[in-house]
Amino acid sequence: MFLQTHGPIRAIHSGNHIISLIKQGMQKPPNDTGGFPFQCFRQWQLQEHTYLCSMNTVRVRFAPSPTGGLHLGGVRTVLYNYLFARQQGGQFILRIEDTDQTRYVDGAEQYIMDCLQWCGLVPDESPVHGGEYGPYRQSERKTLYRRYADQLVAAGQAYYAFDTPEALDQLRETHKAAGNSFFYNHEVRMGLNNSLRLLPEETQALLDAGTPYVIRIKVPANEFVSFTDMIRGDIAFDTNTTDDKVLLKADGMPTYHLAVVVDDYLMKITHAFRGEEWLPSAPIHLLLWKYLFGFDHMPQWAHLPLILKPDGNGKLSKRDGDRLGFPVYAMDWKDPKTGDLTKGFRELGFLPQAFINLLAALGWNDGSGQEIFTIDELIEKFNMDRVHVSGAKFDFEKAKWYNQEWIRKQPVAEWQSLVHQHLKEQGLVVPNDNYLTRVLELVKERCTLLTDFYTQAGFFFQAPQQWDMDAVRPKWNEDKKAFFTELVAIFATMTGWENAAIEEAFKTLATAKNIKPGELQLPMRVMLVGGKFGPAVFEIAAMIGRAATIARVENMLGAL
RNA sequence: GCCGUGUUGGUCAAGGGGUUAAGACGCCUCCCUUUCACGGAGGAAUCACGGGUUCGAAUCCCGUACAUGGUACCA
């Protein structure tokens, strides 16, 4: 059970200092109060008790905003959530964070659902699957957040701010020009246009007049907020360095900060996994958890390492993929506004199993050296304690290697239809499934991506359109031409058309003509295949049949 | 700038006081194959730097450097 490895949250309010901690297990001696006053310890014991009684089902969530394609890092977050939920017998929830109406992109939500479907990471609860804790779209919960924001204002833990975005931008710029940064915090808020500075009547008048406003959290000065991250251990923040973040925007929508806390609470989320980029705003969330819910049922946090650009530095972005020539999105994404198409792993020929596998390894390993994992193995072996702390550069070569391993690991039948589909799209006609199976079996060692099958196996379905003449011409001569002319005649009349028989005929004639068979095999290959690649020549001849073999030989003979 | 988080080969990484510092990808050499792959055998690292602690430090402590994330009425 997760409680043994990841202990409950403790929250203590000690004087002016908020101290919250999560213990790594249940082994801390009961008389060890960690130096805190006894009454504090009592309180934390109490909270630990309620926590243990009510938190019995693991519930995790993935909360993307529908702003575009689903990034590889996003899918990895889904994966870790999913693995953890399945392993603990819990639930995996998809919640759509569509609170920014200016960034909303049509079709993005459906796209996210489709990606999860393709990856096999289907949520238990979501906008389309439903569930007891809906709605699962934050835009549909809009009214709900205001209540919590109002509660905070009433308690003096948040306030109305009437400063316009323009005014704030102006402030930021002047501060920047002066060589420092502007923070909306305890030092400056009394000089700004908000309900803290204004008289109550003044505030009310502005409100009555319909003046646009936001609600900001009032971050206390001189306090310390800390928590234990499941991956990183204890992390502490000084409230003096965190600013009064907007909780409720002028359009009435909550910001991420308010929405995550409220929704995680209402949806009974037990473990919150998200990217490392969220770490700096964790103190805001901790504070909200304290103010709104007294830390009751706060999830355990885990901040996942970033996935970095392969070259240079920084977070991997879609742009890097375009620039360096590899996919970043799970599936093709077509921007509805610009019409731009961004290639996805799926369309580039990745097997979902391989995609999942490589993502799992991008930030975690089980320490055994094993690299290839099925989803069931991952569910069994995945462990938050072994998730890496530091970011990893994405390596597309290694990603392809995973796919190659998966192509070889699985029976052809598992992915045959995907390749079939792809070949059809390329305009090839596959005579029957049986033939396809034999072809795929023959060439699969040479393919790293599903899309490689077109070049590696296309000649089994279609005569080469062009030949690699440079491979043949330098050593071409009349003797060889005579050899192939006679060979065609023999092919036409020989009984049977098996691999061994063809080879036999070929070699017998070569010996009779006093030419080394090896010297003739390459031209033969180019005739059948078009280039210097593919499985054994006689095997190919046997597969494509007598008529096609003869036709291809004669065809190139005429061109030489 | 400020705050947070990191730093083992080109990349991903194991190892967390005494090891010849695993393994994988990629690269190079050779073998197999007179194609391309697959497969096989090899090759390449003073663990960012500087101080401590210790008989002994990649491993513990403190600094420094560098990198990265955040610093929005975006998530």
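Order of the sequence lines fixes the chain letters, A, B, ..., with proteins taken first and strands second; residue numbering starts at 1 for each chain.
Here B:rC36 is the nucleotide among B:rG6, B:rG15, B:rC36 with the atom lying nearest to any side-chain atom of A:Arg446. Here the side chain of A:Lys398 is nearest to one of B:rA24, B:rU35, B:rA13, namely B:rA24. Listed nucleotides B:rA24, B:rC12, B:rU5 differ in distance to A:Trp401; the shortest reach to its side chain belongs to B:rA24.
Taking atom P on both B:rC62 and B:rG4, the two are 14 Å apart, rounded to the nearest angstrom. B:rA14 and B:rA22 have their C1' atoms separated by 6 Å, with the value rounded to a whole Å. B:rA58 sits 10 Å from B:rC49 when the P atoms are compared, rounded to a whole Å. Separating the P atom of B:rA44 from that of B:rG10 is a span of 14 Å, rounded to the nearest Å. B:rG43 sits 13 Å from B:rA24 when the P atoms are compared, rounded to a whole Å. Here the separation of B:rU46 from B:rG40, taken at their P atoms, is 28 Å to the nearest Å. Here, B:rG15 and B:rG9 have their C1' atoms 15 Å apart, quoted to the whole Å. Distance check on atom P: B:rU53 versus B:rA57 gives 11 Å, rounded to whole Å.
Ring centroids of A:Phe273 and A:Tyr80 are separated by 6.0 Å or more, keeping the two rings apart. Here the two rings, on A:Phe461 and A:Tyr454, have centers that are 6.0 Å apart or farther.
Rounded to whole Å, the distance from CG on A:Leu304 to P on B:rG69 is 16 Å. Computed from coordinates, the A:Lys393 NZ to B:rA24 P distance equals 22 Å when rounded to whole Å. Rounded to a whole Å, the NE2 atom of A:His303 is 16 Å from the C1' atom of B:rU68. The CD1-C1' distance, from A:Ile307 to B:rA67, rounds to 18 Å in whole Å. Straight-line distance from the CG atom of A:Leu316 to the P atom of B:rU68: 14 Å, rounded to whole Å. If you take NZ of A:Lys309 and C1' of B:rU11, they are 17 Å apart, rounded to a whole angstrom.
With respect to the salt-bridge test (charged N to carboxylate O, under 4.0 angstrom), the residues A:Asp311 and A:Arg323 qualify. Under the 4.0 Å criterion applied to side-chain N and carboxylate O atoms, A:Lys245 and A:Asp243 are assigned as salt-bridge partners.
Both A:Ile235 and A:Phe394 lie close to RNA chain B; mapped to their nearest nucleotides by heavy-atom distance, the more 5′-ward contact belongs to A:Ile235. Where A:Ala536 and A:Ser390 meet RNA chain B, the nucleotide closest to each residue was compared, and A:Ser390 sits on the side nearer the 5' end.
Backbone-only engagement by A:His388 is indicated by non-hydrogen atom pairs under 4.0 Å involving sugar-phosphate atoms exclusively. Using a 4.0 Å heavy-atom cutoff across all strands shown, A:Gln521 reaches no nucleic acid atom at all. Using a 4.0 Å heavy-atom criterion, one finds that A:Arg274 contacts no nucleic acid atom at all. When heavy atoms are screened at a 4.0 angstrom cut-off, A:Gly314 is found touching the sugar-phosphate backbone but no base atom.
Of the candidates A:Tyr256, A:Phe237, A:Phe227, A:Tyr256 is the only one forming a ring-ring contact (aromatic ring centres under 6.0 Å, His included) with A:His285.
Ring geometry for A:Phe350 against A:Phe396 counts as tilted: the plane angle lies between 30° and 60°, on a 0 to 90° scale. Under the 30°/60° scheme for interplanar angles, the aromatic rings of A:Phe394 and A:Phe345 are found to stand perpendicular.
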Parsed dot-bracket for RNA chain B after applying the Watson-Crick and G-U rules with both distances under 3.5 Å and | for other-strand partners is ((((((((.[[[..)..(....]]].(((((.......)))))....[[[[[..)....]]]]])))))))....

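Dashed line: the shortest gap from a side-chain N or O of A:Asn365 to OP1 or OP2 of B:rC12 is not under 4.0 Å.
Enclosure of atom NZ in A:Lys409 by more than 12 non-hydrogen atoms of other residues, nucleotides or ligands within 6.0 angstrom is indicated. No more than 12 heavy atoms of other residues, nucleotides or ligands sit less than 6.0 Å from atom CD of A:Glu504. Surrounding CZ of A:Arg319 are at most 12 heavy atoms belonging to other residues, nucleotides or ligands under 6.0 Å away.
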Expected string for nucleotides 70-75 of chain B under the B/S/- scheme (protein heavy atoms, under 4.0 Å, primed atoms plus P, OP1, OP2 as sugar-phosphate) is SSSBBB

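Among residue pairs with one or both ends in residues 457-469 of chain A, none qualify as side-chain hydrogen bond (donor to acceptor under 3.5 Å, both in side chains); sequence neighbours excluded.
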